[in-house]
Amino acid sequence: MTISSSLTASVAGLQVNATRLASISDNIANSGTYGYRRVETDFSSLVLGGDSGDYTAGGVNATSRRLIDERGSLVTTNNATDIAISGGGFIPVTNIAEYNGSGGESEILLASTGSFRINSEGFLANDSGYYLMGWPALSDGTIPGYPRDTGEGLEPVQFSLNLRANPTSTVDMVLNLPATDTEFGSEGVTRPLAIEYFDNLGTSQSLSMSFIPTVASSLGAKTNEWTMIITDSSQADPITGDPLEVGNYTIQFGDGSATSTEGGTIASVVNNSGDPSRDYDPTTGSFVLPVLNSSIEVDIGAVGTSGGLSQLSNNFQPIAVTKDGSEVGNMVSVDIDRNGMVSARFDSGVTEVIYQVPLVSVPNPNGLSPTGEQTYRPSNASGAFFLWDAGDGPTGEIRGFAREESTTDVAGELTDMIKTQRAYSSNAKVIQTVDEMLQETTNIKR
């Protein structure tokens with residue numbers, strides 16, 4: 001009957017308003033929780049209707065959903081590995097316990113922010129029990145082409161807590177040799193140059209270069225030719241005990257005539273060592289020298305191009321010598337830039353890219369399944385995920401020294417609480433009224 005349906009509808013009203021109050025209380029309780037996404041409870045009517053003009057109350061149903069696509073404000077912190085996202089996307093994380101218990105195989109979860117610090121094993125982990133995930137970089141700091149539609153290649157970001165040696169692998173030289181030294185009557189002075197490098201153990205070594213001019217033998221002539229001899233302090237000559245000769249080259253420079261290379265630039269380089277592995281490449285302008293347990297690529301400039309070695313005027317001038325490598329160093333800090341590149345800084349002055357943290361996007365963020373601790377799991381409702389470089393596609397940039405605040409608006413929640421309280425009281429009043437009407441019906445018999 002209609003009175004009974006009114007009672008049923010009001011009971012349903014009490015239930016759904018209690019559900020809305022639960023979501024409001026959860027939102028308010030998490031108003032200070034970083035990365036929290038508020039829950040919204042909506043009502044829908046269940047209209048049953050009736051025959052012959054009679055109306056039967058159908059009641060109401062409550063549906064709650066977490067608004068994961070909403071974004072909270074970013075706040076600054078004093079920790080470089082506190083990270084947030086200025087825009088769309090999620091950072092990949094994995095549960096520490098599952099990762100350690102599965103031998104390195106665990107599912108990828110998504111988070112919008114996190115406070116990560118290096119733990120005792122060198123991993124970037126947060127207090128909630130999650131590792132930050134990233135793609136490992138190659139030794140030169142570049143990131144290989146990992147697949148973007150799976151988590152293959154992602155691994156917990158980990159740093160070596162031991163001393164780190166960074167051996168020298170390349171040396172680039174910009175140096176001018178005096179053209180007058182190859183003229184007839186010149187004294188033929190040898191021009192020395194020492195270049196420090198670091199071996200595989202991080203020990204300082206030296207490449208000593210001697211530039212010896214070939215002096216012209218006829219009046220008014222010049223040869224434009226030099227011999228470059230290179231010795232290595234890390235190796236000793238077995239006969240003399242002196243530093244071992246590792247390179248011997250004859251360098252011919254152009255004089256600017258119509259039939260020669262541009263004046264002052266390299267015209268040709270001949271390897272005098274007899275070892276073809278040390279040959280000069282005229283296109284790249286480099287050759288490789290064997291040092292103890294390693295090798296160094298030396299760039300002196302390509303044939304016919306400016307830069308590198310030159311022969312101009314009457315000045316011997318080492319303009320610039322750049323090289324990689326450094327002495328043994330301790331890691332002193334970690335940085336994450338806006339593109340997700342994770343770099344380690346050492347007290348030796350070296351900065352090395354170790355990982356890249358991608359950002360994850362899904363077609364429907366609100367379809368993600370919450371897993372606790374402000375992390376989410378992709379589902380059929382969210383759609384398949386895709387990994388982007390931060391700042392590309394639909395993703396924002398990664399911000400270090402930042403956290404994302406809760407999306408809860410406390411003022412709005414308190415307003416909704418007042419409305420919910422009023423609605424709950426009204427439903428309770430309806431139940432009281434129905435009870436009185438039923439009591440009147442019972443009293444008819446009397």
So, for [X] and [Y], which heavy atoms are closest and what is the spacing to 0.1 Å?
| X | Y | result |
| --- | --- | --- |
| L244 | P238 | CD1-CD, 4.4 Å |
| G247 | L289 | CA-CD2, 4.1 Å |
| G114 | I91 | N-CD1, 4.4 Å |
| I212 | T190 | CG1-OG1, 3.7 Å |
| G264 | L312 | CA-CD2, 3.8 Å |
| A384 | P363 | O-CD, 3.3 Å |

State whether the side chain of [X] and the backbone N or O of [Y] hold a donor-acceptor pair below 3.5 Å, judged by distance alone.
| X | Y | value |
| --- | --- | --- |
| T168 | Y197 | no |
| S86 | E397 | yes |
| N366 | I68 | yes |
| T408 | V410 | no |
| S382 | P365 | no |
| Q374 | T33 | no |
| D324 | S169 | yes |
| D26 | A22 | no |
| T420 | D416 | yes |
| N126 | G129 | yes |

Task: Residues R37 and E70 bridged, charged N to O under 4.0 Å - done: no
Task: Pair R191 + D181, salt bridge at N-O below 4.0 Å - done: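 Salt bridge flag = yes for D181 with R191.
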Open item on the list: For Y249 and Y280, I'd like to know if the aromatic rings sit close, meaning centre-to-centre distance below 6.0 Å.
Closed with: no
- [ ] Apply the test side chain to side chain contact (heavy atoms under 4.5 Å, CB included) to residues F346 and N330: give CA-CA distance (whole Å), side-chain angles for both, the deciding distance (0.1 Å), then the verdict.
- [x] CA-CA 5 Å; F346 299 87; N330 285 298; 5.9 Å; no
Please indicate whether [X] has more than 12 foreign heavy atoms, meaning atoms of other residues, nucleotides or ligands, lying under 6.0 Å from its [atom1].
| X | atom1 | result |
| --- | --- | --- |
| Y424 | OH | no |
| D140 | CG | yes |
| D127 | CG | no |

Inter-residue atom distance [X].[atom1] - [Y].[atom2], 0.5 Å rounding:
| X | Y | atom1 | atom2 | value |
| --- | --- | --- | --- | --- |
| I300 | M209 | CD1 | CE | 8.5 Å |
| T250 | I229 | OG1 | CD1 | 9.0 Å |
| W135 | L154 | CH2 | CG | 6.5 Å |
| I28 | E413 | CD1 | CD | 6.0 Å |
| R38 | R65 | CZ | CZ | 9.0 Å |
| S295 | R278 | OG | CZ | 11.0 Å |

Task: Derivation and outcome, side chain to side chain contact (heavy atoms under 4.5 Å, CB included), residues N95 and S106 - done: CA-CA 7 Å; N95 184 274; S106 62; 6.0 Å; no
- [ ] Classify the angle between the aromatic ring planes of Y355 and F159 as parallel (below 30°), tilted (30 to 60°) or perpendicular (above 60°).
- [x] perpendicular
If you define the side chain from C-beta out and look only at heavy atoms, does anything of [X] sit under 4.5 Å from [Y]?
| X | Y | answer |
| --- | --- | --- |
| K419 | T415 | yes |
| F287 | I230 | yes |
| V362 | N364 | no |
| V357 | I398 | yes |
| V39 | N27 | yes |
| N100 | Y131 | yes |
| L132 | I83 | yes |
| F43 | N17 | yes |

Within the 3.5 Å criterion, strictly below it, is a donor on [X] or [Y] matched to an acceptor on the partner's side chain?
| X | Y | value |
| --- | --- | --- |
| Q356 | D389 | yes |
| S234 | D232 | yes |
| T214 | T223 | no |
| S273 | N248 | no |
| D82 | S115 | yes |
| S268 | Q252 | no |

TODO: Kindly state each residue pair satisfying ring-ring contact (aromatic ring centres under 6.0 Å, His included) with at least one member in residues 356-395, sequence neighbours excluded.
DONE: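 As it turns out, the ring-ring contact (aromatic ring centres under 6.0 Å, His included) pairs with a partner in residues 356-395, which skip direct neighbours, are F386-W388.
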- [ ] Before giving the answer on side-chain hydrogen bond (donor to acceptor under 3.5 Å, both in side chains), spell out for S310 and N176 the whole-Å C-alpha distance, their side-chain angles and the decisive distance to 0.1 Å.
- [x] CA-CA 5 Å; S310 62; N176 183 68; 2.9 Å; yes
Task: Step-by-step side chain to side chain contact (heavy atoms under 4.5 Å, CB included) determination, M173 to L193 - done: CA-CA 11 Å; M173 298 173 54; L193 178 68; 3.9 Å; yes
Sequence neighbours left out, cut at 3.5 Å: what donor-acceptor pairs do the side chains of residues 331-340 make with other protein atoms?
from, atom 1, to, atom 2, distance (Å)
D335, OD2, R345, NE, 2.2
D335, OD2, R345, NH2, 3.0
D337, OD1, N339, N, 2.9
D337, OD1, G340, N, 3.0
D337, OD1, M341, N, 2.8

TODO: Go through T182 and Q311 one step at a time and tell me if the side chain to side chain contact (heavy atoms under 4.5 Å, CB included) criterion holds.
DONE: CA-CA 10 Å; T182 67; Q311 184 200 243; 3.6 Å; yes
